[in-house]
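Step one of this worksheet: look at the structure below.
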Amino acid sequence: MACLPASAAPGLPICLTCPALSIQVRLQTQNTYQGIVDCVVKTYRHESVLGFFKGMSFPIASVALVNSVLFGVYSNTLLALTATSHQERRAQPPSYTNIFIAGCTGGLLQAYCLAPFDLIKVRLQNQTEPRMQIGSSTPRYRGPVHCAASILKEEGPQGLFRGSWALVLRDTPTLGMYFVTYEGLCRQYTPEGQNPSSATVLVAGGFAGIASWITATPFDVIKSRMQMDGLKGRKYGGMLDCMASSFRQEGIGVFFKGMTLNSARAFPVNAATFLSYEYLLRLWR
Ligand SMILES: C[N+](C)(C)CCCC[C@H](N)C(=O)O
């Protein structure tokens with residue numbers, strides 16, 4: 001599957017955007033911060049620069065797997081629907097409906113692979129205890145492996161999939177839209193029958209990322225809250241209860257928490273993702 005290594009290149013931009021990810025998760029799940037700046041200042045004062053990189057070794061390791069599933073399933077579903085290979089698609093472009101269906105299928109399957117990694121990331125990012133300071137309270141989880149083992153022991157195997165329904169709802173339609181936006185922008189700025197230039201791929205990929213993150217943010221908030229639930233007993237009766245009680249307590253604004261940061265990191269990450277995908281597919285034809 002040519003799409004497998006296509007997932008390696010986004011590793012660097014993802015590393016560079018780790019601090020944004022940590023701040024976004026904390027803003028979404030903890031009410032102690034007044035905004036992005038307040039959260040950055042408090043995290044730095046309390047946990048030093050390490051606080052921004054908590055829980056990131058696991059997602060970086062999972063990037064390759066998750067992106068391979070997404071792009072692999074997307075390409076193969078599109079192949080099954082249109083019977084045209086990637087190279088033939090410039091001459092015979094697939095319909096947006098088929099692109100959407102293939103994107104949703106990729107999104108659905110990658111959500112299930114992503115669920116346990118994402119849960120561990122969110123749990124670790126939310127530990128606000130400073131590391132390695134004598135006398136300070138010790139964090140509940142010592143690292144990703146300890147976190148996975150503790151969840152397994154305390155909440156059972158299904159505990160590793162906590163919040164996965166919200167994750168599926170977050171990723172399925174928005175990844176359909178992700179590929180439609182990418183293809184739409186590429187077609188708009190590429191002469192008929194030709195491959196898009198690298199600049200077009202970067203810009204179209206970046207905007208596809210922003211569009212999908214903007215629409216994914218409401219379910220992203222609910223997903224993060226469901227993943228944190230279960231840590232100190234169950235607060236929510238389920239996903240709908242989580243939505244209703246978050247809305248009652250914090251108003252409509254709660255569904256947009258973390259949107260600015262999500263969108264800002266989405267541009268470089270997804271520009272690099274699509275560039276590596278297109279580049280490797282052309283290389284391996
Ligand atoms: C569907 N949703 C918006 C959640 C993700 C879409 C882009 C996925 C990409 N790996 C990234 O991290 O940005």
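Read the numbers this way: they start at 1 and go in the same order the structure lists the ligands and their atoms. Numbers here are sequence positions counted from 1.
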Item to check | Side-chain H-bond candidate by donor/acceptor type, Tyr178 with Asn270, under 3.5 Å | outcome: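 Tyr178 vs Asn270: donor-acceptor pair found between side chains.
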At less than 4.0 angstrom from any non-hydrogen atom of [X], what atoms of ligand 1 do you find?
X: Asp171; answer: 1 (C), 2 (N), 4 (C)
X: Asn270; answer: 7 (C), 8 (C), 9 (C), 11 (C), 13 (O)
X: Ser212; answer: 3 (C), 6 (C)
X: Arg170; answer: 4 (C)
X: Leu175; answer: 1 (C), 6 (C)

Checklist entry - Are any of the N or O atoms of Trp213 closer than 3.5 Å to those of ligand 1? => result yes
Next on the checklist: Strictly by salt bridge (Lys or Arg N to Asp or Glu O under 4.0 Å), give each pair with a member in residues 92-103 just once, sequence neighbours left out.
Outcome noted: none
Item to check | Verdict with supporting geometry, Lys235 and Asp229, salt bridge (charged side-chain N to carboxylate O under 4.0 Å, His left out) | outcome: CA-CA 6 Å; Lys235 189 158 121 203; Asp229 203 30; over 6 Å; no
Item to check | By side chain to side chain donor-acceptor pair (under 3.5 Å) - contacts of Thr105 (at least two apart) | outcome: none
Checklist entry - Should the ring pair Phe179 and Phe71 be called parallel, tilted or perpendicular, given that the plane angle runs from 0 to 90° and is split at 30 and 60? => result perpendicular
